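Structure first, commentary second.
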Amino acid sequence: MTGTGSVPNVLQARGLTKHYGHVVAMDGCDFDLRPGEILAVIGDNGAGKSTLIKSLTGAVVPDSGTLSLDGEQVQFRSPLDARRAGIETVYQELGVAPALDISQNLYLGREQRRKGLLGTVFRQLDKRAMRHGSAQHMADLGIRIQSIGQKAETLSGGQRQAVAVARVAAWATRVVVMDEPTAALGVRETNQVLDLIVRVRERGLPVVLISHNMPNVFQVADRVHIHRLGRRIALVDPRSTSMEEAVALMTGARSPEPADTPDPLPAPSTGPAATPSTKGTQ
Amino acid sequence: MTRDVDAAALEAPPGKGRDLRALASHQIAGPLAALVIAVVVFTLSTSTFFQSENLALIAQQSVVVGTLALGQTLIVLTSGIDLANGAIMVLGSVVIGKMAVHGDPVTAALVGLVVCVAVGAINGALVSFLKLPPFIVTLGVMSVVAAGARLYTSSQSYPITSSFLTCLNDGPTVGGVTITYGVMLWVGLTAVLGYALSQTSWGVRVYAVGDNQRAAELAGIKVTRILLSVYVVAAVIYVFAAWQALGRTPTADPSGYANANLDSITAVVIGGTSLFGGRGGVTGTLIGALIVTVLQNGLTQAGIDSLYQQVATGVLVVVAVGVDHLVRRRQPR
């Protein structure tokens, strides 16, 4: 079963659960990401957002539930599995190595070697090609930096996060996940990173944006996944739902109604919130 | 590093100050300046310092600690430290020395290699798989290995008679000055490691692991594998240091080189490699090792008490660490 009928969801989860001893971190959680959208995931502290995100990126293996990528069922046993499947993640403040330059950071773990004997026998890196590739890519994303050979430590926090986003956008083929990418940034830098997120979407990559910052979320998101008590309780359109309503849903001040999830989801008759075991119909 | 102007000129304002900044941030500028100053001062103040035989002697006196320091550099770049390197080298040299008494020297050298690499692999496994702090791991291993070398030899030293084992102290004489194979090996190892660190993906990953281990992990780098490889490669270098030591003093002495570990750290730090990892390199370490020997040699030539050599080295270490601290603090966090 696909989310919207004609176009399958890029990433879809049904009935994910995860227990840590007696603690239920995920309780029948659903997740839908459409092609080319920015989907914000919001939720109070301890709602289980990070467990959900970790199971989408392979850092956590759910106890049960299904995950599918472009309509095909997948299982991620490690972050490497998710990365191989084309899902890349940006983290709050850990993405770059300060003493390496921008080009080295962009290609870290995926360095290019030179062609011919220099590459095969002497394992020599093709620094020139990597710098050209990096410069091209940064320009495509509209990221302004002085020089591609600059060390990451000479960049501002916003620029560094831009490098981390650029890195992820360069290698992701399916999905970009951003876990609180602006939490450590000032207002101006936050806006630069938000612009960048929009440009990543414009290049056709769907983005999952986890954020605490409601104005940010409502500024860029196409849809908002509201997480509470280990599951999605609503999936709302930020143009028709106010920030106050979203916060009320998130904190439990207001109970979700079926109308809060307006999309043609394979929703059970009782509404998505009331049934923990919303098994997909695939 | 070559400057690729075309690719780099993305939104670059007129390149004002860029070359200066590149120079200042270049790791070996400081150590090189210190070396040049020391050489100039001793040349002007003594008549014997700047003579070709003396300069060749300085190079020869640097090779053992200098070679050890190359391995130390790799480990320090991953933000580790190796207190056991001197002990590993001594164990290697006594294994080689005792076996060569009745056996084939080449076989003895190979057995020494295997023993040293095994100890290096134990260090590496404890640091990488068990994630134990390198300081404590290598402190413990140093104690075990140093005692092991004495037990193995019953605290006895073995004279080295094989010309193969002492050949690193020989070499061609050019214009009355002997450039030993040991010095060539030292420079050659520096070149090979410098290449591996700056031109291969292994090198980039070594720096990344030392710089920001978490970021390296998130980038998909297998951090444990890199750490293990670094401790094993370092151990191979320590065997070369053992070979150098047998050339310098043709005796395998289990109680020799007791301070070599700290001396190698001194050379690494003076050479501009950061003890916090991720910054520095082997060229700086080669210069650092030379600086220590130049101070030692020059002060002796000038007739100054050798204790002042220790004072000067100590001051340099503190200065080097201070500079590193300033460089690292200036970056925006």
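Every value quoted in this text rests on a predicted model; they were computed, and no experiment measured them. Proteins come first, then strands; the chains are lettered A, B, ... in the order of their sequence lines, and each starts at number 1.
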Where on [X] is there a heavy atom nearer than 4.5 Å to chain B: the side chain, the backbone, both, or neither?
| X | answer |
| --- | --- |
| A:Arg114 | neither |
| A:Tyr107 | neither |
| A:Arg83 | side chain |

- Hey, are B:Thr273 and B:Thr73 close enough side-chain-wise for a donor-acceptor pair under 3.5 Å?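 The answer is no; no qualifying pair exists.
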- Query: Will you find, in the side chains of B:Asn85 and B:Ser264, an N or O donor that is under 3.5 Å from an N or O acceptor?
  - Reply: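 Per modelled atom types, B:Asn85 and B:Ser264 side chains form a pair under 3.5 Å.
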- Task: Not counting sequence neighbours, list each pair that qualifies as a salt bridge (Lys or Arg N to Asp or Glu O under 4.0 Å) and has a residue in residues 186-210 of chain B.
- Result: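 Found A:Glu111-B:Arg205.
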- Message: At a heavy-atom distance under 4.5 Å, which candidate from B:Asp211, B:Thr200, B:Val204, B:Ile221 has the highest pair count against chain A?
- Response: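 Maximum pair count with chain A is reached by B:Asp211.
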- Item | Within 6.0 angstrom of A:Arg203 CZ, more than 12 heavy atoms from elsewhere |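 Check passes, neighbour count above 12.
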- Message: Counting only heavy atoms from other residues, nucleotides and ligands, does the tally under 6.0 Å from CG of B:Leu130 exceed 12?
- Response: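 Correct, the count exceeds 12.
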- Top residue by heavy-atom pair count (under 4.5 Å) with chain B, among A:Asn105, A:Thr89, A:Leu108?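 With the most close heavy-atom pairs to chain B, the winner is A:Leu108.
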- Query: Given the options A:Ile102, A:Asp126, A:Leu100, which has more heavy-atom pairs under 4.5 Å with chain B than any of the others?
  - Reply: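 Of the candidates given, the most pairs with chain B belong to A:Leu100.
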